[in-house]
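Each chain gets a letter, A, B and so on, in the order the sequences are listed, and its residues count up from 1.
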Amino acid sequence: MSQISPLTEATLDKTENSAGAHRLGRWGIAALSILALAAILVSSVNTPQARFFVAERFQTFVTVFLGLFIEAAPFLLAGSIVSGIIAVYVNQEMLERFIPGQPLLAALAGAGLGFVFPVCECGVVPVTRRLYGKGLPLPVGIAFLLAAPVINPVVIFSTFAAFGWGPVLWGRVGFSILVAFAVGLIFHLARPEEVLNAPLLERGAELRPQTPAARSSVLRATTRVAPTERDHVHPNPRIWQALAMAGDDFLDMGRYLIAGSILAAAMQTLVPQSTLLAIGQGPIISVFVLMALGFILSVCSTVDAFIALAFSNAFTTGSLFGFLVFGPMVDVKSSLLFLGIFRRRTVFYLILLPLALVAVIAVFWNVQVGA
Amino acid sequence: MLLCSKEMRMSDILRLPRVQSALKRMLLFGLGIFLLTRITSGTLDFYISQRFAWLTILAILGLFLVGGSYRPEAAHAHAGAEDDHHHSYYLGWAGLALIALPIILGLFVPPRPLGVAALDNREISVGSLDSVLPAAVRSAQARQTSERSILDWVLAFHEGQWPAETDTADVIGFVYHSDNADENYVAPHSGAQNNIVAPHSGAQNNIFTITRFVVGCCAADAMAVGLTVQWPDAPELVEDQWVRVVGRFTVPVGNAMPVLVAEQVNTVPEPNQPYLYP
């Protein structure tokens with residue numbers, strides 16, 4: 001049974017497209033409103049002590065926000081450049097050749113795709129979006145999106161550096177593949193127009209002719225004839241095109257990264273960590289506490305193993321899985337990035353499904369294998 | 001009506017490919033320059049661990065490279081032959097404002113590392129750390145006691161290596177008057193000072209906490225470590241002030257952590273690298 005490209009059947013109208021643009025705009029407006037509110041709050045505080053307190057909190061917010069942004073920006077840019085290169089050098093024919101058609105194998109291939117495109121949770125989003133634009137089957141993209149932040153050489157090495165060979169390393173890798181595979185498989189049942197957002201569907205509809213013959217002609221044009229024609233325009237235009245697309249992707253995804261970093265920094269500034277940590281000892285509650293912490297902290301998956309190490313003596317092993325498996329899949333920052341690909345309802349499922357699956361695995365580990 | 005038509009005109013101008021291209025180029029270069037200023041001013045360490053500074057350098061190069069790719073001839077090539085590949089994203093006002101936010105905050109908010117305000121909702125590990133970072137522990141064991149940082153001491157205590165009476169500590173950190181400082185100051189026992197009664201409030205009982213943030217990745221994962229210091233003029237020390245403390249530790253009784261009895265407390269300027277790295 002062959003996979004249907006998520007975009008070939010897509011149909012949309014202008015209303016949906018403009019609704020998508022409005023949705024994106026609303027995020028920006030919401031973020032600006034929060035900042036304006038903060039500015040008003042600062043100016044309306046009367047006593048010098050209160051003013052000092054608010055100003056100091058704002059300073060902390062800015063430092064954490066810029067810390068998150070500066071740390072994540074290189075990874076997002078790397079992901080965007082990979083995305084631009086895919087856009088120019090990879091075509092649907094190649095994907096169809098290498099991605100298995102059988103749903104189980106396709107979801108499994110998606111979970112292992114991180115070895116081909118080693119990206120963290122910031123970089124994986126533009127790459128996934130670009131691959132969807134190239135006709136990647138829906139479950140493969142979902143499994144890739146959720147697994148790639150962990151199932152790649154860089155993150156596996158950093159987890160090894162922090163925890164060595166042991167249950168934490170193997171559990172992290174194994175459970176990430178399992179959860180990504182399961183969620184990917186669930187999404188095999190969904191139709192692309194139910195899952196992907198309007199602008200992406202529109203792009204897919206524009207890019208892809210409906211008949212196989214017409215599609216083949218476009219593929220031929222892009223893979224063989226077009227490069228020669230373009231070479232007359234500029235000595236090496238393809239790489240410049242890839243970079244220009246990388247810039248577009250970076251700026252587009254950067255909006256979500258910045259909005260997510262604002263949220264994560266605001267939570268870090270306002271929600272006391274001790275409130276979470278004080279209740280983190282039980283086999284069940286500890287799992288949810290570290291999952292919540294992973295979601296809020298939004299630390300890059302390439303280094304989160306070192307953060308998890310900070311909790312290794314105080315928290316159960318199962319809860320570490322909550323942090324190391326769920327955190328890279330979904331956090332405040334990446335949830336907002338997901339909106340660049342998926343509909344809001346899908347993003348909700350993409351948070352809920354990994355949350356439920358990881359929680360079950362982690363609690364099972366604590367209860368059956370031992371904390 | 002006039003306002004509406006003006007808005008329409010502005011929005012139309014924003015939609016022009018040439019304007020979009022120029023704005024995107026400006027934003028990409030702007031972000032690159034912003035990151036560059038953090039490196040040249042030496043304030044990058046306020047935000048991320050120094051071991052990731054090379055990534056920022058790569059990001060700057062990448063941003064300049066990508067920003068430079070928005071060229072008229074490249075745009076022409078897109079329009080002519082790459083319709084199947086490229087659909088340029090429209091960057092609206094809200095998107096522009098969001099992307100420009102790091103630049104704006106970087107321009108208008110003076111760069112400062114995390115300080116006492118960040119401790120309000122963070123755990124401070126005084127004399128114990130729920131983290132055992134092998135490299136840091138090894139380095140702590142290898143160092144002379146007078147060269148150990150607050151993190152080295154805290155990790156050593158965590159490993160059960162109590163200080164000898166002859167060990168001199170020489171540490172730098174910022175002052176924090178914690179109400180919890182007295183919890184770590186339970187009846188210390190030393191050759192010089194027996195039977196010191198635990199005070200009830202740090203700021204009023206000659207006790208303060210010398211603190212540093214430990215950063216693994218970026219400011220978002222900063223974790224505070226501290227040592228309880230006994231110093232007669234502790235209440236007069238201003239919070240957030242950076243100080244150098246030289247002294248000796250008391251020998252702990254039971255589970256209580258050693259207290260650093262200061263012989264000298266000098267105010268010092270904020271170090272270039274305010275955080276410690278595991």
Q: With a 4.5 angstrom heavy-atom cut-off, could you sort out which part of L251(A) is near chain B: side chain, backbone, both or neither?
A: both
Q | Side chain, backbone, both or neither of I81(A) within contact of chain B (heavy atoms, under 4.5 Å) | A | side chain
Q.
Checking V109(B) against T63(A) for the side chain to side chain contact (heavy atoms under 4.5 Å, CB included) test, could you report, in this order, the C-alpha distance in whole Å, the side-chain angles of both residues, the deciding distance, and whether it holds?
A. CA-CA 9 Å; V109(B) 181; T63(A) 303; over 6 Å; no
Any [X] side-chain heavy atom under 4.5 Å of [Y] side chain:
X: F46(B); Y: L66(A); answer: no
X: F65(A); Y: L105(B); answer: yes
X: F108(B); Y: V62(A); answer: no
X: L98(B); Y: I262(A); answer: yes
X: I70(A); Y: C218(B); answer: no

Heavy-atom distances under 4.5 Å only: say whether [X] touches chain A with side chain, backbone, both or neither.
X: L35(B); answer: side chain
X: L96(B); answer: neither
X: L27(B); answer: side chain

Q) What distance separates I48(B) CD1 from F69(A) CZ, expressed to the nearest 0.5 Å? A) 11.5 Å
Q: Output the distance between atom CD1 (I60(B)) and atom CG (L77(A)), rounded to the nearest 0.5 Å.
A: 11.0 Å
(Q) I need the residue from G62(B), P102(B), A59(B) with the largest number of non-hydrogen atom pairs under 4.5 Å to chain A. (A) P102(B)
**Q.** Smallest separation among heavy atoms of R255(A) and I99(B), with atom names
**A.** N-CD1, 3.5 Å
Q. If you look at every heavy atom in V66(B) and A246(A), which pair is closest and at what distance?
A. CG1-C, 4.2 Å
(Q) Donor-acceptor check, side chain of Q59(A) to backbone of P110(B), threshold 3.5 angstrom: yes or no? (A) yes
Q: Please answer whether the main-chain N or O of A242(A) pairs with a side-chain N or O of S69(B) as donor and acceptor at a distance below 3.5 Å.
A: no
